[in-house]
Amino acid sequence: MPNKNQETLSSAPADAVFMRRAMELAAQAEAEGEVPVGAVVVHNGVIVGEGWNRSIGHHDATAHAEMMALRQAGQALQNYRLIDTTLYVTLEPCPMCAGAIVHSRVGKVVFGAHDAKTGAAGSTMNLLSYEGVNHHVLFEGDVLASECRAQLQAFFKRRRAEKKAAKLAAKQSSNDV
C-alpha cells in the first residue's frame, strides 16, 4: 500500500523504456563482475546520466549505480541540484543512495525490485520522504519488478554455484596432495 508520498500512477510506456535501459546497464555491471544494478537519470524525457555498479572495480564503496548516474547527470546539467529529474534504478536504493538522491533534489525515483535487506524507499525504511528532511522525493516501485528481480537472482545463483565449485575444486586439490 503506497504512503501519502508515494505516487501510485506511472507513465507506463516511458517508465518501461527507461527501466529497460537501466537493465541494460545492470547487465554491463554483471559483465564487469559487479552486482547487476543499473540506473538512469532522465530530464525532460532525455537521459542525462547513466550508471551501473562499479564498487568492486573502482575500489569505491560509493560507486553504486545511482551514485554514478547522479554524478554524470550533475555534470550534464552543470548543477548538483537535479530538480525536475527522474531516477530509474533496477533495485530499490540503499540508505547511502537515498541520501544522495534527497540532497541532489531528484523529483522522483522509479525502481524495479524491492530490497528487503537495505531498501530505503519503503522496504526497511523510507529516507526519500522522511519527515525530517528538507526535500521529499516521490517514488514508485515494482516497475518491471519481476524482470529486475530475475536479473539479480540469476546473478546470485550463478555466483553461489561458482563459489561452491571453487570450494569443491580446492578440496579435491588438497586431497590429491
[X] and [Y]: same hydrophobic cluster, using ILVMFWY side-chain contacts below 4.5 Å?
| X | Y | value |
| --- | --- | --- |
| Val42 | Leu144 | yes |
| Leu87 | Val48 | yes |
| Phe156 | Val37 | yes |
| Ile47 | Met68 | no |
| Val133 | Ile101 | yes |

Is a side-chain N or O of [X] found less than 3.5 angstrom from the main chain of [Y], in a donor-acceptor match?
| X | Y | value |
| --- | --- | --- |
| Thr85 | Val106 | no |
| Thr90 | Gly38 | yes |
| Asn53 | Ala65 | yes |
| Ser129 | Val137 | no |
| His136 | Tyr130 | yes |
| Glu92 | Ser123 | yes |
| Gln72 | Gly51 | no |
| Glu66 | Val89 | no |

**Prompt:** When the ring planes of Phe139 and Phe111 are compared, do they come out parallel, tilted or perpendicular, using 30° and 60° as the limits?
**Reply:** parallel
**Request:** Using a 4.5 Å cut-off on heavy atoms from C-beta on, say whether the side chain of His114 contacts that of Asp142.
**Result:**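 Asp142 reaches His114 side chain to side chain.
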**Message:** As a quick check of understanding, evaluate side chain to side chain contact (heavy atoms under 4.5 Å, CB included) for His64 and Leu70, giving each step before the final call.
**Reply:** CA-CA 10 Å; His64 286 195; Leu70 292 172; over 6 Å; no
**Item:** Test log, rule side chain to side chain contact (heavy atoms under 4.5 Å, CB included), inputs Leu77 and Leu82
**Value:** CA-CA 8 Å; Leu77 298 175; Leu82 303 176; 3.9 Å; yes
**Item:** Whichever hydrophobic residues join Met67 through chains of side-chain contacts under 4.5 Å
**Value:**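 Besides Met67, the cluster holds Met96.
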List, one per line, each side-chain donor-acceptor pair under 3.5 Å for residues 25-33, sequence neighbours excluded.
from  : atom 1 : to     : atom 2 : distance (Å)
Gln28 : NE2    : Glu32  : OE2    : 2.8
Glu30 : OE2    : Arg158 : NH1    : 2.6
Glu32 : OE1    : Trp52  : NE1    : 3.2
Glu32 : OE1    : Arg54  : NE     : 3.4
Glu32 : OE2    : Trp52  : NE1    : 3.3

**Message:** Return the CG to CE distance between Leu152 and Met23, rounded to the nearest 0.5 Å.
**Reply:**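 One gets 9.0 Å once the value is rounded to the nearest 0.5 Å.
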**Item:** Any side-chain donor near an acceptor of the partner, Asp84 and His43, under 3.5 Å
**Value:**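 Absent: no donor and acceptor within the cut-off.
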**Request:** Among Lys164, Glu162, Lys157, find the one that has a side-chain contact (heavy atoms from CB on, under 4.5 Å) with Arg160.
**Result:** Lys157
